[in-house]
Chemist: 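Before I ask anything, here is the structure I am working with.
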Amino acid sequence: FSPTVQGTSSMNFTVSLGDLAVSLHVFCQPTVEFGGDIFVQQPVIDFLDSGGNRINDQTQQVQVELLDPNATLSGVLFSVSYGDLASFTNLAIDTAGDGYILRFESGTLALDETFAFSIVPGPAVAVNTNLVPNTVDAGEPQAMDVTVADKGGNVANTTGNDITAMLFEVFEETRTY
């Protein structure tokens with residue numbers, strides 16, 4: 001037995017995109033970035049209609065916020081859409097850590113959030129010293145804590161690097177003439 005399928009023609013119809021954006025969508029996002037450095041992969045947001053189609057909505061301003069009170073998001077925290085995308089160009093987070101999430105909002109549009117991503121210590125840019133204790137008797141050994149930090153103030157990975165410290169004696173003298 002072999003069934004026979006007969007087809008019929010329908011009338012022509014048109015599928016079109018919605019007129020208005022109803023939600024935001026994170027199109028590109030950071031994954032692993034360095035503390036204090038501008039993200040290599042900046043967020044890009046697109047606008048979707050009720051059918052989930054990307055639409056051209058050139059008048060929307062998108063704001064970003066970091067959902068972590070223990071770190072600071074810096075850079076320009078808003079973007080105006082260009083065509084069908086809103087791009088950010090100089091966002092950075094100072095503190096190394098895992099599970100950072102960015103939230104994007106624009107007026108009455110449904111918001112969107114990034115997946116959780118990480119900030120790791122970046123390349124060393126500063127050497128911080130701390131004398132322990134702050135005062136010492138003459139001729140006694142002096143200990144010094146030395147840390148190497150990235151742009152965000154995180155302790156940078158310096159495996160294999162040597163740090164040389166030189167101490168100088170400062171004289172203070174008062175003369176009366």
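Please read these numbers as outputs of a predicted model, since none were measured by experiment. The analysis underlying the following values was restricted to heavy atoms, covering all of them including side chains, and did not include hydrogens, waters or symmetry mates. When a residue number appears, it is its place in the shown sequence, counting from 1.
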Chemist: Measure across Ser87 and Ser79 and return the closest heavy-atom pair with its distance rounded to 0.1 Å.
Modeler: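 That closest heavy-atom pairing would be O-OG, 2.7 Å.
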
Chemist: Could you grab the distance from atom CZ of Phe78 to atom CD of Gln61, nearest 0.5 Å is fine?
Modeler: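 Answer for the CZ-CD pair, Phe78 versus Gln61, is 5.5 Å.
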
Chemist: With a 4.5 Å cut-off on side-chain heavy-atom distances among I, L, V, M, F, W and Y, is there a chain of contacts connecting Phe88 to Leu77?
Modeler: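 Looking at the clustering, Leu77 is in the same group as Phe88.
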
Chemist: For Asp150 and Gly35, work out which heavy atoms get closest and say how close.
Modeler: OD2-O, 3.3 Å

Chemist: Without hydrogens or angle criteria, can the side chains of Gln60 and Ser106 be said to hold a donor-acceptor pair below 3.5 Å?
Modeler: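 Their side chains do contain a donor-acceptor pair, which is all the 3.5 Å distance test asks for.
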
Chemist: To check you understand the geometry: which heavy-atom pair defines the closest contact between Ser50 and Val22, and what is its length?
Modeler: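 Distance-wise, the nearest heavy atoms are N-CG2, 3.5 Å.
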
Chemist: Yes or no on side-chain contact (heavy atoms from CB on, under 4.5 Å) for Val32 and Val120, after CA distance, side-chain angles and deciding distance?
Modeler: CA-CA 7 Å; Val32 177; Val120 297; 3.9 Å; yes

Chemist: Can you check whether Ser23 reaches Leu109 side chain to side chain, under 4.5 Å on heavy atoms?
Modeler: no

Chemist: Test side-chain contact (heavy atoms from CB on, under 4.5 Å) on Phe104 and Val26; report intermediate values, then the result.
Modeler: CA-CA 8 Å; Phe104 300 90; Val26 177; 3.8 Å; yes

Chemist: Any chance the rings of Phe115 and Tyr100 have centres within less than 6.0 Å?
Modeler: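 Not close enough - the centres of the two rings lie 6.0 Å or further apart.
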
Chemist: For the residue pair Ile55 and Leu20, what are the closest heavy atoms and their distance?
Modeler: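 Ile55 and Leu20 have their closest heavy atoms at CD1-C, 3.3 Å.
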
Chemist: Does any part of the side chain of Leu91, heavy atoms only, come nearer than 4.5 Å to the side chain of Val64, both counted from C-beta?
Modeler: yes

Chemist: Can you confirm whether more than 12 heavy atoms, excluding those of Phe27, are under 6.0 Å from its CZ atom?
Modeler: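 Open.
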
Chemist: Quick check: is Phe117 connected to Ile38 through a chain of hydrophobic side chains (ILVMFWY, heavy atoms under 4.5 Å apart)?
Modeler: no

Chemist: How long is the span from the CG atom in Asn70 to the CD1 atom in Ile93, to the nearest 0.5 Å?
Modeler: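 Reported to 0.5 Å precision, the distance equals 12.0 Å.
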
Chemist: Less than 3.5 Å apart, any donor N or O on the side chain of Asp46 or His25 sitting next to an acceptor on the other?
Modeler: yes

Chemist: Just verifying a value: how many Å separate Leu48 CG and Asp84 CG, rounded to the nearest 0.5 Å?
Modeler: 10.0 Å

Chemist: Do the non-hydrogen side-chain atoms of Glu65 and Leu73 ever get within less than 4.5 Å of each other?
Modeler: no

Chemist: How far apart are the closest heavy atoms of Ala116 and Gly99, and which atoms are they?
Modeler: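 Closest approach of Ala116 to Gly99, heavy atoms only: CB-CA, 3.8 Å.
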
Chemist: With rounding to the nearest 0.5 Å, note down the distance linking CD in Glu105 to CD in Glu113.
Modeler: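 These two atoms lie 9.0 Å from each other.
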
Chemist: Under 4.5 Å between side-chain heavy atoms, hopping through other hydrophobics if needed: is there a path connecting Ile45 to Leu66?
Modeler: yes

Chemist: Would you mind reporting whether Phe39 and Ile119 have side-chain heavy atoms less than 4.5 Å apart?
Modeler: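 Answer yes - side chains close enough.
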
Chemist: If you look at every heavy atom in Leu111 and Arg103, which pair is closest and at what distance?
Modeler: CD2-CD, 3.9 Å

Chemist: Report yes if some heavy atom in the side chain of Leu102 is under 4.5 Å from a heavy atom in the side chain of Leu67; otherwise report no.
Modeler: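 Contact flag for Leu102/Leu67 side chains = no.
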
Chemist: Quick one, Val62 with Phe47, criterion side-chain contact (heavy atoms from CB on, under 4.5 Å). Give me CA distance, side-chain angles, the key distance, then yes/no.
Modeler: CA-CA 10 Å; Val62 178; Phe47 302 89; 3.8 Å; yes

Chemist: State the SG-CD distance between Cys28 and Gln41, to the nearest 0.5 angstrom.
Modeler: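 Separation between the atoms: 5.0 Å.
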
Chemist: Any side-chain heavy atom of Val76 within less than 4.5 Å of one from Asn90?
Modeler: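 Counting from C-beta outward, Val76 and Asn90 do come under 4.5 Å.
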
Chemist: Is there a side-chain contact between Pro30 and Pro43 (heavy atoms, below 4.5 Å)?
Modeler: yes

Chemist: I'd like to check Phe34 versus Asn154 (side-chain heavy atoms, cut-off strictly below 4.5 Å). Are they in contact?
Modeler: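 A side-chain contact is absent here, since even the closest heavy-atom pair is not under 4.5 Å.
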
